[in-house]
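Written out below as structure tokens is the structure these notes cover.
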Amino acid sequence: MRKYAVSVILAVLLLGGCSAMSKLNVVGSVVKQLPEINKWKAYVVDAVRAGSTQKKSTSEDLEYVSQRMNSEYLESFYEFASAFGKEKASDEKMLVGKNVSYHYNGVVSIYDANNKALGYCVNYDMVDLRGGSQVKGKGEADLKGQFIYVDREQKISFLTSALVKDFKPLCGDDFASSFPKGKGD
């Protein structure tokens with residue numbers, strides 16, 4: 001974890017065009033995220049050690065994931081972004097939420113050793129409903145083939161989207177290989 005934090009801090013310090021104070025604010029924001037990063041990494045290790053298994057998702061699973069994504073995803077994103085000083089007005093959040101849909105490329109259900117559902121590994125595209133086209137991110141990159149983990153007992157954490165490689169032991173090789181080269185391996 002220390003290696004991860006040092007890498008992120010060095011990358012931030014090397015950013016061009018940012019003031020020293022701005023760089024320090026970003027570093028501080030990253031450091032604040034480390035406990036949650038550690039929590040999710042430990043979650044994966046514990047679930048795998050306890051004998052978790054992957055199963056093909058049912059239509060009920062997909063409906064559950066869709067409901068959770070529609071009700072929690074954007075709020076999770078804005079909560080994450082606010083740690084870096086990126087705030088959205090409440091009315092803008094509502095407008096974006098009404099114009100975004102998710103297309104699920106693959107969902108794997110994760111069960112514990114007692115066959116209790118733990119959560120879902122989700123590969124999704126974000127679709128802009130205003131024109132039916134893909135939502136464009138910074139740099140005009142399509143938001144296709146995104147990852148997030150939807151836990152049955154915890155609210156959605158946008159931070160899990162950055163941990164796709166850490167979730168590979170839990171989600172399985174087949175699921176990880178469904179992502180563009182380099183993202184899931």
Side-chain angles (χ1 to χ4, degrees), residues 1-5 7-8 30 32-81 83 97 100-129 133-137 141-185:
M1 181 48 58
R2 204 175 292 160
K3 181 179 171 184
Y4 173 79
S7 297
V8 170
V30 169
K32 288 178 188 174
Q33 302 296 325
L34 291 177
E36 187 173 356
I37 291 169
N38 288 333
K39 176 189 90 168
W40 284 111
K41 287 183 175 193
Y43 174 94
V44 170
V45 169
D46 293 345
V48 170
R49 282 187 185 151
S52 64
T53 58
Q54 302 99 17
K55 295 185 181 180
K56 183 177 171 114
S57 294
T58 65
S59 59
E60 290 84 13
D61 292 332
L62 295 174
E63 187 175 318
Y64 177 82
V65 167
S66 180
Q67 182 271 325
R68 293 279 307 276
M69 289 287 286
N70 288 333
S71 65
E72 297 176 34
Y73 177 83
L74 285 175
E75 190 60 39
S76 175
F77 171 77
Y78 291 128
E79 185 178 304
F80 174 78
V100 172
S101 179
Y102 308 98
H103 170 77
Y104 302 102
N105 303 315
V107 177
V108 173
S109 300
I110 308 299
Y111 287 84
D112 68 10
N114 298 318
N115 209 28
K116 177 186 172 199
L118 294 175
Y120 307 93
C121 299
V122 182
N123 176 339
Y124 68 96
D125 299 338
M126 190 179 287
V127 179
D128 183 345
L129 297 177
S133 61
Q134 296 298 123
V135 174
K136 301 289 185 183
D142 286 343
L143 295 180
K144 293 183 179 180
Q146 300 297 300
F147 169 80
I148 197 153
Y149 183 75
V150 178
D151 187 77
R152 292 288 297 192
E153 297 181 6
Q154 301 178 60
K155 68 180 185 169
I156 286 178
S157 171
F158 183 76
L159 190 55
T160 64
S161 64
L163 301 174
V164 65
K165 291 179 182 178
D166 297 293
F167 272 86
K168 184 177 179 179
L170 184 65
C171 301
D173 290 336
D174 289 342
F175 180 79
S177 68
S178 70
F179 289 94
K181 186 156 181 68
K183 186 168 185 170
D185 52 354

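By convention here, the first residue in the shown sequence is residue 1. Note that the structure is a prediction, hence the values are computed from the model and not measured.
- Distance alone, capped at 3.5 Å, is enough to place a donor-acceptor pair between the Gln54 side chain and the Leu170 backbone.
- Within a 6.0 Å radius of CD in Gln67, more than 12 heavy atoms belonging to other residues, nucleotides or ligands are found.
- Applying the salt bridge (Lys or Arg N to Asp or Glu O under 4.0 Å) test to pairs two or more places apart or on separate chains, none has a residue in residues 101-111.
- Every residue meeting the side-chain contact (heavy atoms from CB on, under 4.5 Å) condition with Val45, not counting sequence neighbours, appears here in chain and number order: Arg49.
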If you look only at distance, which donor and acceptor atoms sit under 3.5 Å apart when one is on a side chain in residues 102-110 and the other is two or more places apart or in another chain?
{"unit_1": "His103", "atom_1": "NE2", "unit_2": "Asn105", "atom_2": "OD1", "d": "3.4"}
{"unit_1": "Asn105", "atom_1": "ND2", "unit_2": "Asn123", "atom_2": "OD1", "d": "2.9"}
{"unit_1": "Asn105", "atom_1": "ND2", "unit_2": "Asp125", "atom_2": "OD1", "d": "3.0"}
{"unit_1": "Ser109", "atom_1": "OG", "unit_2": "Ser57", "atom_2": "OG", "d": "2.8"}
{"unit_1": "Ser109", "atom_1": "OG", "unit_2": "Asp61", "atom_2": "OD2", "d": "2.9"}

Next item on the list: Please assess Phe167 against Trp40 for the test side chain to side chain contact (heavy atoms under 4.5 Å, CB included), listing each intermediate value before the final yes or no.
Entry: CA-CA 9 Å; Phe167 272 86; Trp40 284 111; 3.7 Å; yes

Which atom pairs, donor and acceptor, lie under 3.5 Å between side-chain atoms of residues 151-160 and protein residues at least two apart or in another chain?
{"unit_1": "Asp151", "atom_1": "OD1", "unit_2": "Tyr43", "atom_2": "OH", "d": "2.5"}
{"unit_1": "Asp151", "atom_1": "OD2", "unit_2": "Glu153", "atom_2": "N", "d": "2.8"}
{"unit_1": "Asp151", "atom_1": "OD2", "unit_2": "Gln154", "atom_2": "N", "d": "2.9"}
{"unit_1": "Arg152", "atom_1": "NH1", "unit_2": "Tyr120", "atom_2": "OH", "d": "2.8"}
{"unit_1": "Glu153", "atom_1": "OE2", "unit_2": "Lys116", "atom_2": "NZ", "d": "2.7"}
{"unit_1": "Gln154", "atom_1": "OE1", "unit_2": "Lys39", "atom_2": "NZ", "d": "2.9"}
{"unit_1": "Lys155", "atom_1": "NZ", "unit_2": "Glu79", "atom_2": "OE1", "d": "3.0"}
{"unit_1": "Lys155", "atom_1": "NZ", "unit_2": "Glu79", "atom_2": "OE2", "d": "3.4"}
{"unit_1": "Ser157", "atom_1": "OG", "unit_2": "Glu36", "atom_2": "OE2", "d": "2.3"}
{"unit_1": "Ser157", "atom_1": "OG", "unit_2": "Leu159", "atom_2": "N", "d": "3.4"}
{"unit_1": "Thr160", "atom_1": "OG1", "unit_2": "Tyr149", "atom_2": "N", "d": "3.2"}
{"unit_1": "Thr160", "atom_1": "OG1", "unit_2": "Ser157", "atom_2": "O", "d": "2.9"}

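- Side-chain contact between Asp46 and Val48 is absent, with no heavy atoms from C-beta onward closer than 4.5 Å.
- Partners of Asn115 under the side-chain hydrogen bond (donor to acceptor under 3.5 Å, both in side chains) rule, at least two apart in sequence or in another chain, are Lys55.
- Tyr73 places none of its side-chain heavy atoms less than 4.5 Å from the side chain of Tyr78.
- Without hydrogens or angle criteria, Ser66 side chain to Leu62 main chain gives no donor-acceptor distance under 3.5 Å.
- By the 4.5 Å heavy-atom criterion applied to side chains, Phe147 and Val122 are not counted as neighbours.
- In this structure, OG in Ser101 is found 9.5 Å from CE in Met69, a value given to the nearest 0.5 Å.
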